[in-house]
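Let me begin by presenting the structure, written as structure tokens, before commenting on it.
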Amino acid sequence: MPKKRAMGRAAEEKGEPQKTSSPSASRSPEAVPAKKSGSEARRRWTFLTNHSHVLILLNAEPDLALREIAARVGITERAIQQILSDLEEEGFIEREKVGRRNHYRVKSGHPLRHPIESHCSTADLLALILDHPDAKKNAWL
């Protein structure tokens, strides 16, 4: 058993609150759903990956700062750095330095990577999310 986990269990047994660092801690309170108790408490998952979330955000707002991307996706800035590196290395985005900030351009004709979705391009994915009639109502975009 990892040491960190063992320490957490010991604190639980003593009735002490356990210290955790949650990636959702930087998000606004409205974005984080209420905690569920008992058997309902499960890790949340989504249909799209963090890579696709970053791609969608950059297409909608190409000048977003790394910190803002991390806050919206709900993961660490370091994880965002790695995702941006992955997307740039594979040719899904281009990064241009504009002063002290980065400007990103999503390459929309790039085919998606998994064999199940390889018949679709990034343009198809972006259209699915951003061209939806309710996309303008989404405060996260």
Side-chain angles (χ1 to χ4, degrees), residues 1-12 14-141:
M1 175 183 327
K3 193 174 199 175
K4 192 174 190 179
R5 184 138 174 108
M7 290 171 62
R9 283 203 178 130
E12 278 180 20
K14 292 179 185 176
E16 297 171 5
Q18 188 175 353
K19 293 180 183 177
T20 60
S21 61
S22 168
S24 62
S26 63
R27 297 190 331 202
S28 63
E30 324 59 77
V32 181
K35 297 250 185 221
K36 295 181 180 179
S37 61
S39 62
E40 293 181 49
R42 292 184 51 174
R43 185 171 171 218
R44 291 181 38 91
W45 61 273
T46 63
F47 281 100
L48 301 179
T49 67
N50 289 335
H51 282 67
S52 60
H53 293 151
V54 170
L55 197 69
I56 291 164
L57 286 174
L58 291 179
N59 190 73
E61 295 186 57
D63 297 315
L64 276 177
L66 192 119
R67 178 173 286 147
E68 181 63 23
I69 298 169
R72 290 190 194 184
V73 175
I75 59 178
T76 65
E77 289 181 42
R78 180 65 190 119
I80 294 295
Q81 287 175 334
Q82 184 60 55
I83 289 171
L84 290 172
S85 177
D86 291 346
L87 291 173
E88 188 173 23
E89 188 176 297
E90 293 291 324
F92 285 93
I93 63 170
E94 288 180 346
R95 184 185 334 217
E96 177 187 358
K97 197 79 167 157
V98 179
R100 296 179 66 191
R101 298 187 63 120
N102 288 319
H103 175 84
Y104 301 93
R105 186 175 72 81
V106 174
K107 296 168 118 180
S108 59
H110 211 287
L112 300 180
R113 297 182 70 214
H114 195 280
I116 292 174
E117 63 216 18
S118 63
H119 64 283
C120 296
S121 69
T122 51
D124 297 323
L125 173 67
L126 295 169
L128 176 68
I129 304 298
L130 298 173
D131 292 346
H132 189 277
D134 292 334
K136 300 281 188 246
K137 297 176 190 174
N138 188 335
W140 290 83
L141 294 176

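Fair warning: this is a prediction, and the values are worked out from it, not measured in the lab. For this chain, numbers begin at 1 and follow the sequence in order.
- Taking every heavy atom of both residues into account, Tyr104 and Leu64 meet most closely at CE1-O, 4.1 Å.
- You'll find the side chain of Asn59 stays beyond 4.5 Å of the side chain of Ile129, heavy atoms only.
- With values rounded to the nearest 0.5 angstrom, Asn50 atom CG is found 12.0 Å from Ile69 atom CD1.
- Interatomic distance, Glu88 CD to Ile93 CD1, rounded to the nearest 0.5 Å: 5.5 Å.
- Once rounded to the nearest 0.5 Å, the distance linking CD of Gln82 with CG of Leu84 reads 9.5 Å.
- Of all non-hydrogen atoms in Lys107 and Thr122, the two that sit nearest each other are O-OG1, 2.8 Å.
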Asn102 vs Lys97, side-chain contact (heavy atoms from CB on, under 4.5 Å): CA-CA, chis, key distance, verdict: CA-CA 5 Å; Asn102 288 319; Lys97 197 79 167 157; 3.3 Å; yes

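- Looking only at side-chain heavy atoms (C-beta outward), Val98 and Asp63 stay at 4.5 Å or farther from each other.
- Atom CZ of Arg72 is separated from atom NE2 of His53 by 13.5 Å, given to the nearest 0.5 angstrom.
- Here the shortest heavy-atom pairing between Ala65 and Arg101 reads N-NH2, 3.3 Å.
- Here the CG-CD distance, from Asp86 to Gln81, works out to 12.0 Å after rounding to the nearest 0.5 Å.
- In this structure, the separation between CG on Leu125 and NE2 on His110 is 13.5 Å, given to the nearest 0.5 Å.
- Heavy atoms from other residues, nucleotides or ligands lying under 6.0 Å from CZ of Arg95 number more than 12.
- Scanning all heavy atoms of the two residues, the minimum distance from Asp124 to Ser121 falls at OD2-N, 2.8 Å.
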Full working for side-chain contact (heavy atoms from CB on, under 4.5 Å) between Ile83 and Ile75: CA-CA 11 Å; Ile83 289 171; Ile75 59 178; 3.7 Å; yes

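- Proximity of a side-chain donor or acceptor of Ser118 to a complementary backbone N or O of Pro111 within less than 3.5 Å is not detected.
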